Amino acid sequence: MPASATGNRPEELAERLGVGGAAAEGEALLKALREVKNQIIGNKTKKLLYLHLGAVPRIVSVLASVAGGGDAALIVQAAAAIGSFACGVEDGVRAVLDAGAVPHLTRILSHPDEKVVDAGARSLRMIFKSKLTPKYDVLQEKNMKFLLSLLYRENENVTELAASIIAHSCERNEEQKALYDAGILQRLVKLLGGPLNQRDACLESIEAIVRNNSEVAQKFACIDNGKALSSLIELIQDRYPRTRLLACICLITIRHASPCFVQEMQIKTKLIIILIELLEEPGTAGDEAPFALTNLIMDEEELHRQAVSINAVDKLCNFFYKGPIEPRRLQGILLALAELCSKLEKCRSQLLSLQVLNFIVDALKHDCTDVRIAACSCIRNISRSLKNLSAGHLSSETVVVPLVQLLHDESSLVQVAALGAICNVAVNFAPRKSVFIQCGGVSQLVQLSKSMDPTLRLKSVWALRNLMFLADRTDKECVLMDLTISNLASLICDSEHPIQEQALALVSNLVDGCRDPFEHAFAEDNAIINALTRILRGASSPGVCIQGMFLLANIAAGNELHKEVVLNCLLPPQANGDSPLFIIKFLQSKENLLRVASVWCIVNLTYRDSLCSSTRAARLRDAGIISQIKTMVNDPCLDCKLRVRMALEQCMDFENTHHVH
Amino acid sequence: MSLSWIILGQLDSIESMSTSKKVITRDEWERKLKGVKIRKEDMNKLVMNFLVTEGYVEAAEKFRIESGTEPDIDLATITDRMAVKKALQSGNVQDAIEKVNDLNPMILDTNPQLYFHLQQQRLIELIRSGKVEEALEFAQEELAPRGEENQSFLEELERTVALSAFEDVKNCPYGELLDASQRLKTASEVNAPILTSQSHEKDPKLPSLLKMLVWAQNQLDEKAVYPRINDLSTASLEDPAI
């Protein structure tokens, strides 16, 4: 019967719930509770409806009034209804928590009637699944004792509940250690021998206790002389997919927490094989498998190789041909492929040869944010392949246009991910970067370079830098017109050092290869040179100083005017004797590249065939720079040593010629 | 001349291929089979497992009494499961839903597809009994929100609602939804999650054994010629065709 039969309208039903007042009693109350419960189970719309009618506090008050020893049937229905409100609806969880349901549900766990205990345990389990539910404080002794007592109960629902509370509530190392000390971890291991659902709950729980805690992980491995670890290893080949997955995740967690365990290649290969097989399973086991796989092989080239050798790339890519993929699974597959392509050229080539790039590009337009981010990571890693970049496989319109679209995405995480991909894709060896510029990529990058978010600023400048690598004059003009010299100058002076570095590298790319390379450096009243000077004199990171000095060295290779400007940069007109010159600081730096760049600068300033080199050499000598360089004749870095020699030879020539005159 | 030699050569190798397979006569085969011992208790357990998993509670009870085999789960839980199946088979979907919720409220809360199919069945029953207005109201109030909550249900929803548009429902395009088979389909869909929630295996062991038999025979076919079981229901040995 539809819910709108007389007397059973939601508003009327909700009225009958509660204690006292207009609420029903006895049989009538039981009937109303049961009716509401049956309406809301599985039905999100009804849950929200009854939530707004204030049903939750009413039902909790009923539970409170009978939990001590009222009609068992009433308790069961009330508990079940509360549990259902907490299932899958955030507002429901909040309402249940606010109404104070948890203590009452906990109370009925000790009820003599098993059905009541079941109802309480199931509902609590639902509540503890939600992120909104506060952690159970396991550091309190009485709480720990309570959990332990639950783990010794015969009732499967109760032990599963205890396991989920534990999994929900142990994040900090001290909590995990306390759980071990109280004997909870050992008990969970024993319970692994029980029925299926209990076993799965215990696996999740064990994983949470050992996560990121090398001490507890080691202690786990020693339980029963290593038998606990062996039973986990057995479980990865269990007949149930979910058990296999959870056992794999557990082993992976132990390995990350304490690498001396699970280190034989044999077991790691087994894990890879099992996880790849799990991909074939429908349901959550198959959905979560690729995430576990990514986690297992993360940053380990050897494991990447193992995975490739057992056709991981092929098997993952096969899914693209099997029709539409559910979002969570799609995200997992993309992340796994991204990880595999992060280091191995072989993977990248294989992926491209399997012709699945168009599926990945389609995923860039997916409704789900996480999928879009994963697709960007995938493309970013595939485009680490210089071979494929130079062959132009990744800079076609089909790839670039959707990526540029994502720069306008509402989620900044997606924007960051897209920028990562664009950074690589933009390193195009073709002289014309028209595709990128034509589809409005540059203006959006420029826009993002003004963002308040430093990550967005950094990555967008980086992308511009890569875009300008070996770009032709027209494209450079285009970018500069959009970006403007003054913006570029302020990026050089950005508060974040990495951004300063990228901005300088961008300038280097802009001036490189131009006929009059430095016109931009000197444009707008030497805006860029001034900015550069300012940060070199300030305290910036070595990376920034290196970029800056190489830029100065390149400018110093220009004409007399350019050399003059560089010299004034090194030797400020109003030098007070107190603060040392930054060039001297750099020449004394531990960083090889910084010393090399600085000496190059001097080499270019004192270049033989230039008119005023001798005057410049004299000024440098007066400032003590030449004497500093003289101390570097035996510099440990060969490159530096050779440049030092060059510089000194050139300066000696001037001295000699000077003397002659 | 050389051509005929090639053909003769090929004929030679074909013959040797067919004779390289071992031939096992019926007598030999039956003798070998006699030598394999199977325990009665194992067979009883298999039968009990089948009855229990499929939910034949009365048969299971009788079998328990007559053979002394203990079921691996409490027969009371099978009774609950069978009550659900019975309700569905008689078209009392609401009753079935209430029974599932009494068994374990988490089942329908965590199986959206199953819940949708149960509600779809309710709609079908309303259409079957000719209560078109009620059916449409139900579709709007109960099923439409499911479609909104989950896009993948929309297609099935459209098909079911389309039923109500036809005068002669039994003969319309989606008429098969009104068959008894649809009720059975829904009933078996409910069976599995209930079993899983009780930590019981949702599939009986017997089919796996039969699959193993078929596979083993296929493997053996490549190496030998022997009396085969071609009809699983009779399990009679059929002489090899030479």
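Worth saying up front: this structure is predicted, and the values here are computed from it rather than measured. So that the names make sense, note that chain A is the first sequence line, chain B the second, and so on, each numbered from 1.
Ranked by non-hydrogen atom pairs under 4.5 Å with chain A, the options Asn101(B), Leu114(B), Leu108(B) are led by Asn101(B). Taking Val100(B), Val93(B), Asp109(B) one by one and counting their heavy-atom pairs under 4.5 Å with chain A, the maximum is reached by Asp109(B). If you tally non-hydrogen atom pairs under 4.5 Å between each of Asn197(A), Asn38(A), Ile40(A), Ile41(A) and chain B, the highest count goes to Ile41(A). Highest contact tally toward chain A, considering only Leu118(B), Ile107(B), Asp102(B), is held by Asp102(B) [criterion: heavy-atom pairs under 4.5 Å]. Heavy-atom pairs under 4.5 Å with chain B peak, among Gln198(A), Lys47(A), Met126(A), Lys44(A), at Lys44(A). Taking Asp118(A), Leu196(A), Val76(A) one by one and counting their heavy-atom pairs under 4.5 Å with chain B, the maximum is reached by Leu196(A).
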- Item | Derivation and outcome, side-chain hydrogen bond (donor to acceptor under 3.5 Å, both in side chains), residues Arg146(B) and Gln119(B) | CA-CA 9 Å; Arg146(B) 300 291 87 67; Gln119(B) 295 217 299; 3.0 Å; yes

- Message: Run the side-chain hydrogen bond (donor to acceptor under 3.5 Å, both in side chains) test on Ser199(B) and Glu156(A) for me, step by step, so that the C-alpha distance in whole Å, both residues' side-chain angles and the decisive distance to 0.1 Å come before the verdict.
- Response: CA-CA 9 Å; Ser199(B) 272; Glu156(A) 204 185 301; 2.9 Å; yes

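For Glu148(B), no part lies under 4.5 angstrom from a heavy atom of chain A. Within the 4.5 angstrom heavy-atom criterion, only backbone atoms of Leu103(B) (N, CA, C, O) approach chain A. For Asn104(B), the parts lying near chain A are the backbone and the side chain together; criterion is any non-hydrogen pair under 4.5 Å. Neither the backbone nor the side chain of Arg199(A) comes within contact range of chain B, judged by heavy atoms closer than 4.5 Å. For chain A, the nearby parts of Pro145(B) are the backbone and the side chain; heavy atoms of each come within less than 4.5 Å. Interface remark: Asn43(A) contributes backbone and side-chain atoms alike to the contact with chain B (heavy atom separation under 4.5 Å).
In this model, no donor atom of one side chain and acceptor atom of the other lie less than 3.5 Å apart for Arg125(A) and Asn157(A). Using a 3.5 Å distance cut-off with no hydrogens or angles, the side chains of Gln121(B) and Arg183(B) do not pair a donor with an acceptor. Counted by atom type alone, Arg228(B) and Asn230(B) present one or more donor-acceptor pairs between their side chains at under 3.5 Å. If you check the side chains of Asn44(B) and Ser67(B), you find no donor sitting under 3.5 Å from an acceptor.
When the shell of 6.0 Å around NZ of Lys85(B) is examined, it contains more than 12 heavy atoms from other residues, nucleotides or ligands.
The aromatic rings of Phe116(B) and Phe153(B) lie parallel to each other, with less than 30° between the two planes, well short of the 60° mark.
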